[in-house]
Amino acid sequence: MERGREAHWQSAWAQAGLARAEADPSKEKFFAIVAYPGSSGFLHVGHLRGFAYADILHRFHRMNGRAVFFPTGTHLTGLPAVTFSQKVKLRDPATVRQLEDHGVPESEWHDLEDPERAGRFLGRSYLEVFRAFGLLIDERAYITTMDEDYRSFIRWQFHRLDRAGALVQAPHFASVCPVCGPVSVDPSETDLSQGGGAEWIVYHTVPFRLDDGRFLLAATLRPETLFGATNVWVAPHATLSTWHHGTHRFLVSPEGGRRLLEQLGGHLGAEVPFEELRSTSVTVPITERKIPILTSPLVSPSIGTGVVMSVPAHAPADWVALQELPEHDLNRIPPVESVIRTDEATLTASERELLAGAGVPAERAARASGASRLADTDALDRATERLYRLELIRGRMMPGILGGISVAEARAKVGERLEAEGTAPQVREFSEPVVCRNGHTVVIERVPDQWFLRYGDPVWKEKDRTLVGRLVVRPEEYRRELPAIFEWLSDRPCTRRGRWLGTPFPKDESWVIEPIADSTFYPAYYPIRGFVASGEVPLSALTDAFFDHAILGEGSGEPSLAHATQQAVRQQFLYWYPLDLNIAGKEHKRVHFPVFVATHALLLPAALQPRGLFLHGWVTNQGGAKISKKEVASKGGSVPPLREAFRRWGPDALRLFYSASATPSQDVEWDPALLDATSERIEDLTRLARTALSEGGGGPPELERWLESRTHELLSRIVEAFGECRMRDVAEAVYAEFPLAIRRYLLRGGQPGESLVRVAETWVATMSPVTPHLAEELLDGRLPTLVAASPFPNAASFPYSAAALAAEEVVDRIEEDLRNVLKPAHAKGAAPDEAILFVAAPWKHTVEGWIREGARPEGGGPNLRDLLERSKLHPELAAYRGEMAKYIARVSASIRSEPKGSSERTDDLAILTAAQGYLTRRFRFRSISVVREEEGKPFDPLARRDRARPGRPAFYLFGGVLGPPASAARPTDPLAGTKPSTPES
RNA sequence: GCCGGGGUGGCCGAGUGGCCAAAGGCGGCAGACUCAAGAUCUGCUCUCGCAGGAGUUCCCAGGUUCAAAUCCUGGCCCCGGCACCA
């Protein structure tokens with residue numbers, strides 16, 4: 001298709017008003033959304049997959065006579081737009097290149113330095129992309145989350161949540177930049193310049209008591225190993241801070257002290273040089289053992305509390321540190337003994353390898369990993385990780401300790417016991433340094449008065465469960481997982497402090513509602529938005545009373561607004577709600593979907609609950625990773641920006657690519673070569689469709705019947721697949737199997753004509769949901785309306801004939817059999833070019849029917865004797881009784897593994913006679929004759945004719961160099977250079 | 001660790017007990033058409049096979065069954081999630 005034609009059809013759809021959702025009580029409705037995109041930058045090819053699915057479904061339902069509503073919006077809440085505007089301000093090179101790629105004139109850049117304006121600008125750019133992609137979105141309902149009306153809606157929503165008791169305040173830990181405020185630590189590094197991959201590590205602490213009542217507070221991931229503690233480590237030349245918490249005094253490194261202060265409060269007191277403690281010892285909690293304090297370079301004061309519990313039997317680093325210890329220190333520590341055992345028999349090969357040799361486990365693991373000095377940090381880390389993991393999974397405590405329970409249990413038990421004493425708080429830390437955009441180190445801080453949504457509330461959860469049980473969820477794997485996701489769903493912080501975009505939290509405007517929390521219920525606002533956009537409902541009327549009435553049917557509505565208007569709003573809402581389908585990428589599995597479902601479950605009555613969720617995979621780069629913005633660049637980048645993708649392949653190729661290259665649940669790998677292939681495929685189909693739509697004499701009636709039956713079959717399958725959102729199956733049927741059927745028709749000698757044209761028009765119409773531009777282009781001028789506005793083809797308008805399908809299968813089957821025999825023959829240089837086909841005698845039909853009746857699914861065929869007995873009741877079969885036994889024996893063995901399917905009785909003689917010309921041409925034979933098995937005296941030296949079965953004729957091949965057949969002179973290689981014989985009709 | 005999903009031919013990817021040696025696409029090879037190229041069409045693309053067949057395959061090892069890619073047991077490996085991320 002000429003590239004410009006897409007724009008032509010898009011404006012034709014716009015002119016016909018196809019995208020405009022019109023409530024029509026005489027029609028069923030279909031209302032689906034795609035989770036609206038955030039505003040972190042320009043869209044790329046990865047973003048369009050969900051939109052493609054949504055549009056395909058909306059188009060399908062529109063063609064089926066439903067009123068459809070496909071709205072969208074832009075999510076401006078949070079930091080993404082802030083960050084984007086910041087990058088514009090700083091003229092970040094990658095961002096500048098994007099602006100240039102998208103043709104944004106430099107004069108407008110200044111405007112984009114404002115976060116809200118930048119976000120709105122990005123939202124508008126998304127709409128342009130959607131139009132160019134051929135989406136039929138009703139833009140009258142377009143929202144951004146910073147629009148005044150949307151914020152009124154959100155305020156109302158939070159009032160309702162509050163009234164339902166869903167909001168609570170509680171202490172919370174959060175990542176915070178001490179200078180810039182709260183930040184989100186995630187791989188997209190929106191807020192960060194470093195450390196997006198950081199995880200939270202939660203350390204247990206172990207308080208080692210000094211004689212004067214102070215505690216040396218060690219941090220550890222494995223509190224259960226305290227039974228094997230031989231000493232405590234601090235860094236050489238360390239100075240320790242005193243952290244006062246409650247009535248207790250703890251000695252920790254200065255950094256550790258600050259961390260505890262941030263997370264747990266208290267205050268910091270005197271600094272203590274380690275020298276003061278050098279010769280003292282401490283008491284291990286629980287065991288009450290006395291152990292020394294020693295120094296080692298293995299300790300980093302900045303990690304944890306800067307104090308380390310040494311367990312040389314189970315921590316490779318401790319073991320190695322011990323080897324480097326001066327004699328006089330070594331003498332102070334108690335003997336090293338294992339406190340955890342692992343059962344040799346349960347180990348895998350690689351685990352056994354880790355624990356090979358003699359010594360305590362840490363010693364073995366260090367040896368196996370090649371770590372002998374503290375300087376071997378990589379090897380030590382490896383040894384540590386493997387041993388920790390192994391002992392956690394397989395380990396049990398030694399029999400004398402805690403009764404030999406498993407390590408996992410022991411860890412929980414020891415942790416609990418320590419905490420119960422009030423002297424062993426947990427301390428959190430990032431797994432790697434995290435640095436904010438402005439270069440400050442991000443820390444974890446306690447927020448005492450964080451607002452939460454109580455998703456964990458048991459009463460609420462019960463409502464979730466009920467709804468989840470009723471939801472239609474695709475794909476199936478996700479449906480299975482969903483109940484578990486709701487079990488895990490727990491209270492979520494729903495507000496933030498800082499310079500985020502968003503709606504101020506109604507109960508306390510010093511907070512801003514957090515991005516996930518303000519996008520849980522918004523589909524309910526879409527049906528109303530049109531009234532606001534048109535001015536029918538002024539902003540001032542968007543009060544709680546208004547929404548109570550419009551969405552919940554409660555109260556009498558907003559007094560300042562005409563009753564009739566409010567009735568209309570309410571009707572509109574009730575027409576479109578419930579939402580039929582919420583479509584989103586798999587990243588929303590645990591983010592958006594659960595809270596979307598939960599909020600609906602809480603706020604709406606059963607009849608208005610959402611009906612379906614649809615989760616799709618990503619578009620990934622060639623490594624299988626989700627596409628990131630960095631990869632998108634017109635030059636050199638592996639993923640082109642959308643404008644260029646549309647220019648190169650056209651929107652239809654992209655849409656087909658998204659639907660056809662993987663099941664919706666799977667990721668599709670972005671591969672330009674595949675896009676090239678897809679767009680070529682569209683060209684192929686175009687040619688085929690044009691041929692099929694041309695004038696001509698038609699084909700033999702039996703062939704047309706077959707084509708129509710195939711069309712019937714395919715249409716049923718397509719409609720069914722649409723209904724279950726199996727878009728890949730749709731694409732396969734429409735873009736692979738349908739053309740295959742048409743090619744077969746042409747190959748079999750069918751000509752374009754009335755029948756083929758009707759089929760081809762139908763076929764092209766089925767393309768309209770997935771490749772709408774192509775469909776319009778091909779049927780341009782042939783339909784009274786646009787294809788997108790015409791009814792979806794109906795299988796019932798094509799007669800279905802099982803006999804016609806069965807007949808074609810007979811031809812297909814004989815082709816396959818002939819090919820099978822010809823292949824080895826040709827390999828040997830033989831080239832038969834004449835064939836006699838023997839059609840099975842009528843009695844075989846009868847007998848084969850009996851065999852099928854008698855075949856038992858659990859195996860074993862019918863009894864030979866019974867069948868022969870039965871045949872005695874049929875005098876007309878008497879003559880064949882001899883052959884019959886042989887035939888039954890041969891056939892009943894193989895019949896079990898044949899399809900039980902169509903027992904359609906075929907008139908093989910008529911079918912093959914009709915296909916004679918085709919077969920002759922196809923195999924470039926000189927002649928093919930079809931005879932009844934029992935008739936005449938055809939040439940059959942190999943006695944093949946006995947093999948004939950109903951639907952599967954026997955044959956004898958001869959000619960070429962194969963044999964000395966009836967006629968003598970013929971070219972030795974009839975395949976070479978021979979023109980196909982002209983088909984007789 | 002816990003929860004979930006997986007491992008299929010050169011590649012992508014269908015396929016949940018029987019025409020499955022396994023759809024479809026991509027790639028490759030060959031042929032037809034053509035002065036030629038391209039496009040298009042046709043065939044082939046695990047091994048063997050002068051008669052429609054046989055052998056060995058769907059991560060590995062066992063098992064159930066007349067029959068296993070599909071069910072069961074054990075193992076190995078991979079991916080995702082478990083956070084103030086839309």
Side-chain angles (χ1 to χ4, degrees), chain A residues 35-40 74-75 77-80 145 172-176 182-188 190-191 196 199-200 348-350 389 392-393 408 447 450 477-478 480-481 484-485 487-488 492-496 514-519 584-592 624 660-663 665-669 671 673-674 677-678 680-681 683-684 687-688 728-729 731-732 735-737 740 743 746-747 813-814 816-830 832 857-860 894 896-901 922 942 944 947 952 954-957 962 975 980:
Chain A
Y36 49 27
S39 47
S40 56
T74 307
H75 194 227
T77 315
L79 268 192
T145 55
H172 184 58
F173 291 95
S175 33
V176 171
V183 291
S184 100
V185 176
D186 71 88
S188 70
T190 314
D191 296 358
E199 293 183 27
W200 285 23
T348 66
S350 63
R389 195 180 149 81
L392 177 65
I393 306 169
V447 181
Q450 173 70 52
E477 304 91 284
Y478 176 42
R480 277 197 291 273
E481 207 180 340
I485 292 176
E487 292 317 307
W488 290 326
R492 269 191 87 108
C494 62
T495 59
R496 289 170 153 177
E514 171 279 333
I516 298 172
D518 82 344
S519 52
K586 63 183 184 185
E587 69 279 20
H588 284 308
K589 202 190 275 196
R590 279 149 212 284
V591 183
H592 168 63
S661 21
T663 339
S665 64
Q666 220 101 27
D667 293 344
V668 294
E669 209 168 90
D671 179 359
L674 217 55
T678 306
E680 271 171 41
R681 198 162 147 206
E683 294 304 315
D684 289 357
R687 272 185 293 273
L688 180 67
R728 188 180 200 275
D729 294 338
E732 191 180 319
Y735 298 90
E737 299 200 44
L740 224 54
R743 288 211 165 98
L746 294 170
L747 191 67
R813 181 74 219 217
I814 188 72
E816 192 188 323
D817 284 347
L818 287 171
R819 218 174 275 134
N820 244 330
V821 174
L822 286 168
K823 208 165 69 171
H826 285 165
K828 270 217 70 168
E858 71 280 5
S894 55
R896 197 171 47 209
S897 61
E898 287 172 11
K900 356 186 187 281
R922 185 135 189 89
L942 293 177
R944 311 289 316 162
R947 297 182 61 101
R952 208 170 166 187
F955 53 84
Y956 175 65
L957 296 179
L962 233 208
L975 273 186

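Basis for what follows: all heavy atoms, side chains included, without hydrogens, waters or symmetry-related copies. In this text, all values refer to a predicted model and were calculated from it rather than measured experimentally.
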Once you apply the 3.5 Å cut-off to both distances, tell me the Watson-Crick or G-U wobble partner of B/rU16, or none. none
Rounded interatomic separation in angstrom, taking CG from A/Asp729 and C1' from B/rG25: 14 Å
May I ask you to verify if any side-chain N or O of A/Arg819 is less than 4.0 angstrom from the OP1 or OP2 atom of B/rG52? no
Once you apply a heavy-atom cut-off of 4.0 Å, does A/Ala584 come out as touching a base, just sugar-phosphate, or nothing? nothing
Does A/Arg813 make a side-chain donor-acceptor contact with the base of B/rC19, cut-off 3.5 Å? yes
In whole Å, what is the span from the NZ atom of A/Lys586 to the P atom of B/rC79? 12 Å
Among B/rU40, B/rA51, B/rG24, find the nucleotide with the atom closest to the side chain of A/Phe955. B/rA51
At 4.0 Å (heavy atoms only), tell me whether A/Tyr956 reaches a base, stays on the sugar-phosphate, or touches nothing. base
Any donor-acceptor N/O pair, A/Gln450 side chain to A/Arg492 backbone, under 3.5 Å: no
For the pair made of CZ in A/Arg681 and C1' in B/rC41, what is the distance, rounded to whole Å? 17 Å
Using the C1' atom in both, what is the distance from B/rA39 to B/rC46, to the nearest Å? 32 Å
Paired with B/rC82: which nucleotide, if any, by Watson-Crick or G-U wobble criteria at under 3.5 Å for both distances? B/rG1
Assign each of A/Gln450 and A/Arg922 the nucleotide of RNA chain B bearing its closest heavy atom; nearer the 5' end lies the nucleotide of A/Arg922
Using 4.0 Å as the upper bound for N to carboxylate O, is an ion pair formed by A/Arg687 and A/Asp684? yes
With rounding to the closest Å, how many angstrom separate the P atoms on B/rC60 and B/rG7? 13 Å
Are the side chains of A/Glu514 and A/Pro493 in contact, using a 4.5 Å heavy-atom criterion? no
Whole-Å P distance, B/rC3 and B/rG75: 15 Å
Mind checking the P distance from B/rG74 to B/rG1? Whole angstroms is fine. 15 Å
Ranking B/rG43, B/rG53, B/rA51 by distance to the side chain of A/Arg944, first place goes to B/rA51
What interatomic distance, in whole Å, is found between C1' of B/rU16 and the corresponding atom of B/rA23? 16 Å
Residue pair A/Tyr36 / A/Asp518: nearest heavy atoms and the distance that separates them: OH-O, 3.6 Å
Side-chain atoms of A/Arg590 come closest, of B/rG81, B/rU40, B/rC85, to B/rG81
Taking for A/Ser519 and for A/Val821 the nucleotide of RNA chain B with the nearest heavy atom, the one nearer the 5' end belongs to A/Val821
Among the nucleotides B/rG4, B/rG81, B/rC85, whichever has the atom closest to the side chain of A/Trp488 is B/rG81
Is there side-chain contact between A/Arg922 and A/Leu747, with heavy atoms separated by less than 4.5 Å? yes
To the nearest angstrom, how far is A/Glu732 atom CD from B/rC26 atom P? 12 Å
Are the side chains of A/Pro515 and A/Arg496 in contact, using a 4.5 Å heavy-atom criterion? yes
Between B/rC71 and B/rU8, how far apart are the two P atoms, rounded to whole Å? 16 Å
Rounded to whole Å, please give me the gap between CD in A/Glu680 and P in B/rA39. 7 Å
Checking base pairs now: Watson-Crick or wobble, both atom distances under 3.5 Å. What partners B/rG52? none
Would you kindly give the CG-to-C1' distance between A/Leu942 and B/rG53, to the nearest whole Å? 15 Å
For B/rG27, what is the paired nucleotide under Watson-Crick or G-U wobble rules, both distances under 3.5 Å? B/rU45
Any donor-acceptor N/O pair under 3.5 Å between B/rG52 base and A/Asn820 side chain: no
Using atom CG of A/Leu957 as one end and atom P of B/rA51 as the other, report the distance to the nearest whole Å. 11 Å
Base-pairing assignment for B/rU65 (Watson-Crick or G-U wobble, both under 3.5 Å): none
Distance, C1' atom - from B/rG38 to B/rC50, rounded to whole angstrom: 39 Å
Closest of B/rG43, B/rC3, B/rC85 to the A/Ala484 side chain is B/rC3
How close do A/Arg944 and A/Ala954 get, counting heavy atoms only, and between which atoms? O-CB, 3.2 Å
To the nearest angstrom, the CZ-P distance between A/Arg947 and B/rA51 comes to 11 Å
Nearest to the side chain of A/Arg743, heavy atoms from C-beta on, is which of B/rA51, B/rC41, B/rC84? B/rC41
Of all the nucleotides listed (B/rA23, B/rC26, B/rG52), which has the minimum atom distance to the side chain of A/Arg728? B/rA23
Look at the side-chain N and O atoms of A/Arg687 and state whether any lies under 4.0 Å from the OP1 or OP2 oxygen of B/rU40. yes
Give one of base, sugar-phosphate or nothing for A/Leu740, where a contact means two heavy atoms less than 4.0 Å apart. nothing
Shortest side-chain distance from A/Ala736, nucleotide among B/rC84, B/rG52, B/rG24: B/rG24
Scan A/His75 against the nucleic acid and name what it touches under 4.0 Å (heavy atoms): base, sugar-phosphate only, or nothing. sugar-phosphate
N/O (side chain, A/Arg492) to phosphate O (OP1/OP2, B/rA83) under 4.0 Å: no
Does A/His592 reach the side chain of A/Ile516, with side-chain heavy atoms less than 4.5 Å apart? no
Given the C1' atoms of B/rA69 and B/rG52, what is the spacing between them in whole Å? 26 Å
